[in-house]
Structure formats: structure tokens, C-alpha cells
Q: 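Quick one: structure below, then a few questions.
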Amino acid sequence: MSKNHFLRSIAENDIKNGKHEYVYTRFPPEPNGYLHLGHAKSICLNFGLAKDLGGKCNLRFDDTNPEKENIEYVESIRDSVAWLGFEWDKLCYASDYYDQLHAFAVQLIEKGLAYVDDLNAEQMREYRGTLTEAGKDSPSRSRSVSENLALFEKMRAGEFDEGEYTLRAKIDMASPNITLRDPIIYRIRYAHHYRAGDKWCIYPMYDFTHCISDALEGITHSFCTLEFQDNRALYDWVLENIDIDENLNGETNKLMPRQIEFGRSNLEYTVASKRKLIQLVKDGHVSGWDDPRLTTLVGLKRRGYTPASIRNFCEEIGVTKKDSVIEMTVLENAIRQDLEASAKRVFGVLKPLKLVITNYPEGESETFTVKNHPKDESMGTREIPFGREIFIDQDDFMMDPPAKFFRLGPGREVRLRYGYAITCNEVIQDSDGNVIELRCTYDPLTAKGKTPDGRKIKGIIHWVSAKHALSAEVRVYDRLYSEPNPGASEDFVSLINPDSLHVYPDAKLEPSVAQGDQNDRYQFERVGYFCFDEKDNTEQQLVMNRTVSLRDTWAKAKG
Ligand code: ATP
Ligand code: MG
């Protein structure tokens, strides 16, 4: 059961008071792009509420803009909703209602409540008035019903050019709510629709389509974001003025649906508008819709986010009456919490530095038995091999370390996690001065964390046996933007963080990773949480993505 919020209270009260028998919601994306984290909020709200209250929820494609929509988007949206863990009651398409919508438009004309207008876009703007000035009636407003019917039929039959005529609802050109100043409900578009084909050259507008679709499906609560506040009056006007059976499609829910608005949530350091995402993808600024740096749901999935972590994130940010901006740490903490509990611990070295233990017998090796999770016994144990040659991370060695650097340096002693203490005796450098190998000795008496003489060994580093190591390409992501609100600028492309992807082409991993299932998640100890890349990881080439760092390094850098 999820947290309480105002929409939930409204829905619960409507059931308690007998207004509806059950709650029926819908998630209505337009198939003009891939879903992102903002959509997840709406999905969790609509599907989650219906689930919690024993109601139903439809997935409906709001597909009335033929130029922008396609089947690829439909499929990805369907997959993403299912991936998030939700089941729809019905899968619906606004385009399936085109015949009915057309009939309702004819009905409005017959009632004298809609007319065909020949004002062009610019004239229409002039006639519309402003917030402080009433609009003016279009000369077409007084057209007779029969003339309107004939013109609308000609619009449908393809006898006019785009923009030559529109069908408008006849409401009130002086309304203080500009949405009600005779809004367009149908326009001419000579465009192929991915579903309806070429059957139509007139397409209904969102405001006309959405309320009728809700009513046809028996939706009780039509949740939408705040920008539709002014459209609510039009939503109600359409439903009040068409003759639509309140008892449709076998649904026993009486009464027309009610639109209720809630606030959008946007995540800092990301862009979410589909138009902008399309530009990033089409112009190659990212590798695709599923680039792990994007907060599209497919991107987050590829990055290693679990459905539960996203549902928990949505739960955490809640549902409010105001728009909100969410800090990146809220999202990152949601996945950290999930992976902290569920990810198997392993060793992975991103920037390998070879280390030879000169007093360890050549050709010999041993294994250490290690817990897969420090707190969860049920996750079992594994064996990690150890031998004379190992890899440590380049960052765990410094030629001239400061006092507080509790890792390896010339002459220093450090503990290999789960293994022995080693002392660095010799540093081998190439002609450019790069450190290419370390020669160390180990103390056999220090196995498994022991220090028999009680001497202090402060640092503990991770390592991988060279002979047994798996090579992998590891991709470490940073924020795609270093600006908190890149979407505010039209120049959002130039704000891309040039350091948002680091590839480690020859990382070394402990061998147990090879036994993993594609969906397994790992904590590379001291490094972060990782998953297999769902596209590029193959039998031949291990490719892993860092989902998130162990701690919030940005907060540290800032503060
Ligand atoms: P865009 O403006 O980028 O095209 P949209 O919000 O119009 O996106 P839709 O496909 O219409 O995209 O969205 C489907 C549903 O998801 C709508 O009900 C919308 O209100 C909701 N939604 C989209 N973005 C957010 C967000 N950031 N926070 C909450 N809900 C959102
Ligand atoms: Mg929209």
C-alpha cells in the first residue's frame, strides 16, 4: 500500500460515498517518444491507485497527431509500463474512437454547438482576444446547421487544403477562460496515421478527444498535470453537451469522469521534454533512447535501475498540487537502497595495476571463502582465487603519498581485503615515468584479517587475481548535464557535460561474475553498483555499466 495523497483521498471518498462502485483510471501517453521518469510518476499514480483500491486502469494511447506518432513509440511505451510492474485492464487507442468522435462532432453541429470556420490561424488569434479583452465572434459563427454539416462533410472528404477550415465548438468568445473561446475541435491534416492509415484527413483535437475517450472507457478519475487546469472547463463542456450513455462498454460506473490536476515532477540535471529528447537522440548527442545517461525508462533500465527502485522513487516524491523539482540524490538513493540489499558483492578493478608478490611461491594459488553479502547470509558465499600476481587499482597506489593516504606507496604496508597484508618494495616505471608494476612481499601470518603482532595496518584495498581475472569493458556514467535546469535553455545541447561517460576498456573482475545471470546486479566493493549492459554484453566481451556510485560524490564535491 502506498502513501496517502490528495488524489487518493478523493478517490477513496468517491467510493465510500457511493459515487462510483470502483475507481477506474487511465495512463494516457501520446506515442510521440519514449517514456521518462516524469511519466513513471503518472504511471505509478494511475496504476498504483487503481491497484491499491481494487479498481482498474487502462493504458491508452492518446494518438491524434499523425505526424509525430509511430508504432516504435507505442511498443516501447507498452514495454516500459509492463517493465515497471503494472498490468493494464484494457489497452486502448484514441484512434480507435475516431468514428465515434466524428459522430459526436456531427451531433454538436446539429445542436448548433459547433461550426465550421474559415479564419486562418493568424485571424483566429486576432479574434480570440486577450486575458483582459474579450474575443470577437468569427463571421462563420452564424453559419446555419445545414451549411456546417455540409462543410464538415467536405472537410472529411478531403475537399479542402490543410488550414482552410476548422471545426470549432461554439461556446463563448467573451469567456474569461480563453480555452472556452470557441476552441478548435477538428482540423484538416493530410497525414498517414500509423494506426488509422489514410482513412482520415481530419483529426480531432486533444481537448475533444480526451474527455470522450475517458467517458467511453468508463474512467472515473482522469488525472492530468497542472497545465490542463484551464482545459477542465472544456472537458466538462464537451461531456455535458454530447449525448453519451453514462453506462458504456458494460461498465457499471455511472457519472461522467472527472478531471483532476496534479503537479509535474522534474529531475534536476536532466531534460524530460520529448521534443528535446528526440533532438538529443536524432542528432547523436547520446547513443539512443536507451542511453544510460538519459532518464528515459529504457535508459534507466539499461543503466541498471530496477522497477522497484523507480516505484520507490515515485512513492518518495509523492503526489502534490504543485510542480516540483527533484534532486538527483533522491533517485540515486532509491536505487542504492535497493542494491545495497540485493546486490552481490564482488571485486572489480577498473584501472588495473599489476602487482607481483615476490615471496609467494610461483605456480601456486589458494582461495578465500567470502560472503556474497555482509548482512544477508542467504546470499551464500563464493571462493575468490589468490596467487602471486594480482591487479589492484591504479588509484590505490601513489608514488609520493600524503600522510592521510591509507593505501599503497613505496615502502608502505596495506591489507588486501579478505587476504594478506603486503608491503611495497619496488616500483617499476616505464620510460615516461608511468608506474607499470609493483613488487611486494606478503606476510603469511596476516591471512584473513589477522595481525599476530598487533601492528596497525590502516588501509584495505580490493584486488583481483591476475591469472583468474575476467577482462571487461566498464562504463561509468556521470550526469549528462552539469547544469541543474538544462531544459530551461533552448541551447540545452551546448550544456551537455563533456565528461559524462568514462569507458574503462580493460577492467579486471573476479571470475564469479562470469557465472552471473544477465539481470544480476553487483556491488564492486569500494567502487559502486554495476549491471551487465543489456545490448553490448556478450559471451565474448563482458560489458558492464555503473548504475550508481556507493555514495553521493556530488554532495561531497559541492559541500
Ligand atoms: P512532452 O510534453 O514531453 O511531450 P507529455 O507530458 O505531454 O510530454 P504525454 O505523453 O502527454 O507526455 O504524458 C502522458 C502522461 O504523463 C500525462 O498525463 C502527463 O501529464 C504525464 N506526465 C508527463 N510528464 C510528467 C511529469 N514530469 N510529471 C508528472 N506527470 C507527467
Ligand atoms: Mg502531452
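Atoms considered below: every heavy atom in the structure, side chains included; atoms not considered: hydrogens, waters and symmetry mates. Numbering of ligands and ligand atoms starts at 1, following listing order. Position 1 is the first residue of the sequence, and the numbers go up from there.
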Q: Can we say Arg125 and Glu122 salt-bridge, meaning some charged N sits less than 4.0 Å from an Asp/Glu carboxylate O?
A: no

Q: With a 3.5 Å cut-off and sequence neighbours excluded, list the donor-acceptor pairs that the side chains of residues 31-47 form with protein atoms.
A:
unit_1, atom_1, unit_2, atom_2, d
Asn32, OD1, Lys274, NZ, 2.6
Asn32, ND2, Glu30, OE1, 3.3
Tyr34, OH, Glu72, OE2, 2.7
His36, ND1, Gly38, N, 3.0
His36, NE2, Ala272, O, 2.9
His39, ND1, His36, N, 3.0
Lys41, NZ, Gly263, O, 2.8
Lys41, NZ, Ser265, OG, 2.7
Ser42, OG, Asn46, ND2, 3.3
Asn46, ND2, Arg26, O, 3.4
Asn46, ND2, Ser42, O, 2.9

Q: Atom 6 (O) of ligand 1: which of Arg264, Lys274, Glu261 has the nearest heavy atom?
A: Arg264

Q: Can you tell me if Phe27 has a non-hydrogen atom under 4.0 Å from ligand 1?
A: yes

Q: Determine which pairs satisfy ring pair (Phe, Tyr, Trp, His ring centres under 6.0 Å) with at least one residue from residues 159-178, sequence neighbours left out, and list them in order.
A: Phe160-Tyr165

Q: What are the atoms of ligand 1, with element, lying closer than 4.0 Å to any heavy atom of Asn266?
A: 27 (N)

Q: With heavy-atom distances below 4.0 Å as the criterion, list the atoms of ligand 1 near Ser273.
A: 3 (O)

Q: Which option, Gly33, Pro29, Gly38, owns the non-hydrogen atom nearest atom 29 (C) of ligand 1?
A: Gly38

Q: Closer than 4.0 angstrom: is that true for some heavy atom of His36 and an atom of ligand 1?
A: yes

Q: Please say whether more than 12 non-hydrogen atoms of neighbouring residues, nucleotides or ligands are located less than 6.0 Å from NZ in Lys170.
A: yes

Q: Between ligand 1 and Asn32, is the shortest N or O to N or O distance under 3.5 Å?
A: no

Q: Within the structure provided, determine whether Lys111 and Asp243 are in side-chain contact (heavy-atom separation under 4.5 Å).
A: yes

Q: At what distance, to the nearest 0.5 angstrom, does CD of Glu315 lie from NE2 of His5?
A: 8.0 Å

Q: Compute the shortest N/O to N/O distance between His39 and ligand 1 and return yes if it is under 3.5 Å, no if not.
A: yes

